[in-house]
Amino acid sequence: MSTTGQVIRCKAAVAWGPGRPLVIDDVEVAPPKAHEVRIKIVATSVCHTDWECLYGTRKGMKSRPFPLILGHEAAGVVESVGPEVTKFSPGDKVIPLFLPQCGECERCQSPKTNHCRRNWANTQMGVLADGTSRISCKGQQVFQFLGVSSFSQYTVVPDTSLAKIRSDAPLDKVCLLGCGVSTGYGAAVKTGKVEKNSVCAVFGLGAVGLAAVMGCQAAGAKRIIGVDINPDKFAKAVVFGATECVDPGDHSRPIQEVLAEMTGGGVDYALECVGSPAIMSAALESTIDAWGTCVIAGWTETEAMSVVVEKILMGRTLKGTYFGGWKSVQDVPNLVDDYMNNKLKLDEFITHTLLLDQINVAFDLLKSGKSIRTIISL
Ligand code: CU
Ligand code: ZN
């Protein structure tokens with residue numbers, strides 16, 4: 001029986017307020033409006049940003065509206081499309097995107113950035129283009145996280161925030177390309193433009209950092225130094241291409257001095273994948289003064305990073321990356337191809353697989369550092 005044009009009743013993990021575990025509830029998902037697509041989420045993973053939004057203490061995150069359905073790293077199948085949607089049809093395999101690519105704005109036209117601002121303000125407020133969400137629970141509007149909300153069996157997204165991918169892609173793997181893996185990999189190959197035979201350091205060996213290690217290796221780096229205060233992460237980093245690993249806790253000196261000594265003056269590229277201002281400064285200072293590049297992939301909304309001017313005056317470059325610099329709609333399908341052609345690893349990130357009603361366990365695993373990525377099947 002077709003569900004096109006009907007309200008769909010399904011399960012979702014609803015965040016009813018900050019600091020409270022998610023609750024599996026029945027929700028109602030309205031049909032898509034103009035330029036919107038309703039998708040059946042098949043697999044989603046849990047990213048730090050989801051956790052941060054619910055339990056985090058960083059200031060900006062407190063203002064997210066509740067009730068809210070989190071989740072933004074996912075893959076699914078198009079169920080139906082709204083009026084004026086031309087690029088998607090029911091049955092298409094897709095990856096929803098928290099970063100749109102409208103293709104029309106000044107930023108989309110520029111090769112210098114991937115930061116499309118289409119629907120940006122609404123997305124931050126948890127609503128779609130018309131100022132409302134398509135999801136409700138017990139008669140109450142439920143806000144959408146980053147315009148996605150993948151902790152729901154169905155969701156509605158703008159047609160500019162959706163990448164169509166090849167039909168043979170396994171959704172329970174390629175969902176990882178919706179956020180963390182693409183961010184880390186792109187930080188190295190796209191934003192950082194890591195060069196062959198270079199020396200790299202990657203700070204933080206979670207999913208983003210491991211993907212950055214993978215990117216450095218793909219770019220042909222000759223040394224890739226993984227840095228983390230949890231040595232349990234080192235074995236995995238080696239799988240992704242790290243040539244050596246360092247625990248700052250093993251040294252009495254600042255890590256930037258340790259790295260400078262290890263490399264005879266500093267690394268060519270440092271990739272910060274933690275989201276800590278102190279580590280960002282250390283990453284910058286660990287690069288060689290004359291030409292080192294530091295890329296910030298870690299995310300923080302309100303905390304300030306301090307940069308000593310002298311540290312960049314001799315020729316260092318400090319860059320930030322959002323979603324790895326990828327133009328989301330056009331580049332994500334290519335990353336899926338790279339995975340299918342064995343040029344990019346995904347399976348190795350997956351440490352756990354759970355069902356939707358175990359989602360709070362996935363949050364615990366992430367917070368305790370026991371998981372890299374947990375895949376939730378819906
Ligand atoms: Cu994320
Ligand atoms: Zn745009």
Contact between [X] and [Y] at the side-chain level, heavy atoms closer than 4.5 Å - yes or no?
X: His352; Y: Val361; result: no
X: Trp16; Y: Cys137; result: yes
X: Ser45; Y: Phe349; result: no
X: Phe363; Y: Val46; result: yes
X: Cys10; Y: Ser152; result: yes
X: Arg117; Y: Cys105; result: no
X: Tyr269; Y: Val295; result: no
X: Leu162; Y: Asp92; result: no

side-chain contact (heavy atoms from CB on, under 4.5 Å) between Thr44 and Phe151, worked out: CA-CA 7 Å; Thr44 183; Phe151 296 168; 3.7 Å; yes
Heavy atoms of other groups near Ile229 CD1, more than 12 under 6.0 Å: no
Heavy-atom neighbours of Glu348 CD exceed 12 at 6.0 Å: yes
Exam field: side chain [X] to backbone [Y], donor-acceptor pair closer than 3.5 Å:
X: Thr155; Y: Val148; answer: yes
X: Asp268; Y: Ser198; answer: no
X: Lys93; Y: Asp168; answer: no
X: Ser182; Y: Cys179; answer: no
X: Asn122; Y: Val127; answer: no
X: Ser281; Y: Ser306; answer: yes
X: Asp338; Y: Lys343; answer: no
X: Lys193; Y: Lys190; answer: yes
X: Asn114; Y: Tyr322; answer: yes
X: Arg316; Y: Lys311; answer: yes

Residues forming a salt bridge (charged side-chain N to carboxylate O under 4.0 Å, His left out) with Glu104, sequence neighbours excluded: Arg118
Sub-6.0 Å ring centroid separation between His115 and Trp120: yes
Phe98-Phe145 aromatic ring centre distance below 6.0 Å: no
Trace of the side-chain contact (heavy atoms from CB on, under 4.5 Å) decision for Cys175 with Ile95: CA-CA 7 Å; Cys175 60; Ile95 292 180; over 6 Å; no
Can you name the closest pair of heavy atoms from [X] and [Y] and give their distance?
X: Lys345; Y: Tyr339; answer: C-CD1, 4.5 Å
X: Thr351; Y: Lys236; answer: CG2-NZ, 4.2 Å
X: Leu346; Y: Val174; answer: CD1-CA, 3.8 Å
X: Gln6; Y: Pro31; answer: O-CG, 3.6 Å
X: Leu171; Y: Ala43; answer: O-CB, 3.7 Å
X: Glu84; Y: Asp159; answer: O-OD2, 4.2 Å

[atom1]/[X] to [atom2]/[Y] distance, rounded to the nearest 0.5 angstrom?
X: Thr3; Y: Ile8; atom1: OG1; atom2: CD1; value: 4.0 Å
X: Glu73; Y: His48; atom1: CD; atom2: NE2; value: 11.0 Å
X: Ser161; Y: Leu99; atom1: OG; atom2: CG; value: 8.0 Å
X: Leu284; Y: Lys319; atom1: CG; atom2: NZ; value: 13.5 Å
X: Ser377; Y: Ile41; atom1: OG; atom2: CD1; value: 12.5 Å
X: Ser150; Y: Ile376; atom1: OG; atom2: CD1; value: 9.5 Å

No-hydrogen, no-angle side-chain donor-acceptor test under 3.5 Å, Ser133 and Gln141: no
Check against side-chain contact (heavy atoms from CB on, under 4.5 Å), Phe323 and Gln101: CA-CA 12 Å; Phe323 196 52; Gln101 185 190 355; over 6 Å; no
Do [X] and [Y] belong to the same hydrophobic cluster, where Ile, Leu, Val, Met, Phe, Trp and Tyr are linked whenever their side-chain heavy atoms lie under 4.5 Å apart, directly or via other members?
X: Phe240; Y: Ile350; answer: yes
X: Val29; Y: Val81; answer: yes
X: Val307; Y: Val267; answer: no
X: Leu271; Y: Ile224; answer: yes
X: Ile372; Y: Val208; answer: no

Glu272 vs Val274, side-chain contact (heavy atoms from CB on, under 4.5 Å): CA-CA, chis, key distance, verdict: CA-CA 6 Å; Glu272 201 276 352; Val274 179; 3.3 Å; yes
Electrostatic pair Arg166-Asp337, nearest N-O below 4.0 angstrom: yes
Salt-bridge criterion met for Lys11 and Asp25 (N-O under 4.0 Å): no
Trp51 and Tyr55 aromatic ring geometry - parallel, tilted or perpendicular at 30°/60° bounds: tilted
Intermediate values then yes/no, side chain to side chain donor-acceptor pair (under 3.5 Å), Arg134 and Ser136: CA-CA 7 Å; Arg134 295 295 156 268; Ser136 59; over 6 Å; no
Of Thr160, Val85, Val156, the residue whose pairing with Glu36 passes side-chain contact (heavy atoms from CB on, under 4.5 Å): Val156
